[in-house]
Structure formats: structure tokens, C-alpha cells
Amino acid sequence: DAKTTQPPSMDCAEGRAANLPCNHSTISGNEYVYWYRQIHSQGPQYIIHGLKNNETNEMASLIITEDRKSSTLILPHATLRDTAVYYCIASSHSGSARQLTFGSGTQLTVLP
Amino acid sequence: GAGVSQSPSNKVTEKGKDVELRCDPISGHTALYWYRQSLGQGLEFLIYFQGNSAPDKSGLPSDRFSAERTGGSVSTLTIQRTQQEDSAVYLCASSPSVGRAFFGQGTRLTVV
């Protein structure tokens, strides 16, 4: 899996959009970009994933650059409950073994 | 059940004893992962099962750790001769053959 790089921490005001960046400059053509988050003392929760096109679901939007070397997770209206560690992962869907390799992530703190 | 179930939720054991941690994945999911997370640290990959393929054991930290998955469903992670450094939250996740992974709430293991 390609290595991803994320800022260690970010703050966001409640009600504003949270934009979390991720660099994955060595991503290969068959690797998807996944985002998970982990709220304190809970198991990680899937948020969204994409390959080339931008994606949106009920939780967030994922913007992937045209060269696929970076992406941004957008939480459109952050709430206090969105405070968590956010993990960006590049993972292939092919092959007999597929690890999800979690890095250090970004600690997002939503401020009242 | 609707999600990944892990048992026990908490386990306190004496140093040197063996422990077994259980994971019930979501029905029909062919992939199953084990991770551990020490206090304040990120997720450390341990082992990955995918269907009938040989498991990826590359993350197991020592030969005291082993895991099996019976009938492609329930998995058991066994730690022999536990040490204090084994204290952590052990997380299990399951996934369809490709796509998002669903995590359980983890087993908190404390070795005293």
C-alpha cells in the first residue's frame, strides 16, 4: 500500500467545513483512497472511499486531485461529535492479501 | 448481529497466562482483520484472512501470537504466555471481498 502523509492535528469551528488533507504521492493506479475516523475509545469507522472521481455520501465528500497524488476529506458542517482521529489510507482491491495500513492520522478538534 | 462482535470486551490476565480473544464478523464477509492499539498509539496490523487463501501473518509481533478462522467465519486470536507489553485494545474488522471494513468495539486486554 502507498504511504500517506497527514498533518498531525487540526482545529475547526463548529458549523464550519472541516477540510482534511492527505498526500499519497506514490499511490498506484489500482489503489483506492479510503478515509476512516476513530472517536475516542471506539473502533474505527469507515467514512468514504474513491479511486479517481470525487465522491460524496451522507457523512462527507472526498476530493481527489487529477494526478491522484493528494486528496481532501470535507466535512461540510462540523459538529462537536466529529472530533476524532481521521485516517487516510491507500489500499488496493486486488491481490490475495490486502492490508489496511493505518498511519498516525489527523486529530481533528471541533471547537464550540 | 448487525455488526462485528468481539468478546470479551475487557480481559485482565496475569503475566504468563494464555488468553483467547474472539471475533464474530458480519455474516458473508470474506475478509477479516486483527489489529491492536496500545494506549495513545495508532493501529498496528496483526493478521488478515481472506476467504480460503493463506492468511497474511506478517504483522504478528512474535510466535506467542496466533490466530485462526474457523469455517470462514468466527476468528480467535490467541496470545500465549502473556507479557505486560501485550496490554492493548485488540480490534477486529471484517469486510466484503473488496471495499469498506467494519470494526468491532475491541477487547481491552490488561496484563498484570
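Letters A, B, ... are given to chains in the order of the sequence lines, protein chains preceding strands, and every chain is numbered from 1.
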Give a yes-or-no answer on whether the side chains of [X] and [Y] include a donor-acceptor pair shorter than 3.5 Å.
| X | Y | answer |
| --- | --- | --- |
| Gln45(A) | Arg37(A) | yes |
| Asn23(A) | Ser25(A) | no |
| Gln50(B) | Tyr48(B) | yes |

- Contact class of Gln37(B) relative to chain A, heavy atoms under 4.5 angstrom: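 Just its side chain gets close to chain A.
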- Item | Toward chain A, the part of Leu91(B) with a non-hydrogen atom under 4.5 Å |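 Side chain of Leu91(B) only, per the 4.5 Å heavy-atom cut-off to chain A.
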- Query: If only atom types and distance count, is the side chain of Thr107(B) paired as donor or acceptor with the main-chain N or O of Pro8(B) below 3.5 Å?
  - Reply: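 Between the backbone of Pro8(B) and the side chain of Thr107(B) there is a qualifying donor-acceptor contact (under 3.5 Å).
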- Region of Tyr87(A) in contact with chain B, defined by heavy-atom distances below 4.5 Å: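 When you check distances to chain B, only side chain atoms of Tyr87(A) fall under 4.5 Å.
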